[in-house]
Amino acid sequence: MNAPLHLHPVLERARLVRSAVAQGLEPVPSPCISVCRMDAASGLCEGCFRTLEEIAHWRTLDDPARLAVWSRVEQRIAHATACP
């Protein structure tokens, strides 16, 4: 979880998602990047920075709720890359 903030693949996907949503393209895609390992210390997926609950409920979320998950993911990545 220590990739430089500007190089993290999920952040690039977040930028693309926001652009697509601004253009009215739906549905909001998953943050999953197929690196599916849960970090025991943080309780987050090492690939997409979601919790198990967020992962499990993704299919039932509407687009505003999915965008809220994306926002939390971005915050988590920023926090993880800022901490030593």
Which heavy-atom pair separates [X] from [Y] by the least distance, and what is that distance?
X: Ser71; Y: Arg18; answer: OG-NH2, 3.1 Å
X: Cys45; Y: Cys36; answer: SG-CA, 4.0 Å
X: Gly43; Y: Met38; answer: O-CE, 3.3 Å

Does some side-chain heavy atom of Val73 sit less than 4.5 Å from a side-chain heavy atom of Leu11?
no
Any chance you could measure [X], atom [atom1], to [Y], atom [atom2], to the nearest 0.5 Å?
X: Asp39; Y: Leu44; atom1: CG; atom2: CG; value: 7.0 Å
X: Asp63; Y: Trp70; atom1: CG; atom2: CH2; value: 12.5 Å
X: Cys48; Y: Trp58; atom1: SG; atom2: CH2; value: 9.0 Å

Determine, using the 4.5 Å side-chain heavy-atom cutoff (strictly less than), whether Ile55 and Val28 are members of one ILVMFWY cluster.
no
List for me each residue that meets side-chain hydrogen bond (donor to acceptor under 3.5 Å, both in side chains) alongside [X], sequence neighbours excluded, and say none if there are none.
X: Arg76; value: Glu54
X: Arg37; value: Glu46
X: Thr60; value: none
X: Glu53; value: none

We want to know whether Gln23 and Ser19 form a side-chain donor-acceptor pair, criterion being a heavy-atom distance below 3.5 angstrom.
yes
Test side-chain contact (heavy atoms from CB on, under 4.5 Å) applied to Ile33 - qualifying residues, sequence neighbours left out
Pro9, Val10, Arg13, Val35
Sequence neighbours excluded, which residues qualify as side-chain contact (heavy atoms from CB on, under 4.5 Å) partners of Ala65?
Leu61, Asp62
Does the Arg50 side chain pair with the main chain of Val69, one donor and one acceptor, at a distance under 3.5 Å?
no
Could you please spell out the steps behind the side-chain contact (heavy atoms from CB on, under 4.5 Å) verdict for Gln75 and Phe49?
CA-CA 9 Å; Gln75 292 169 357; Phe49 285 78; over 6 Å; no
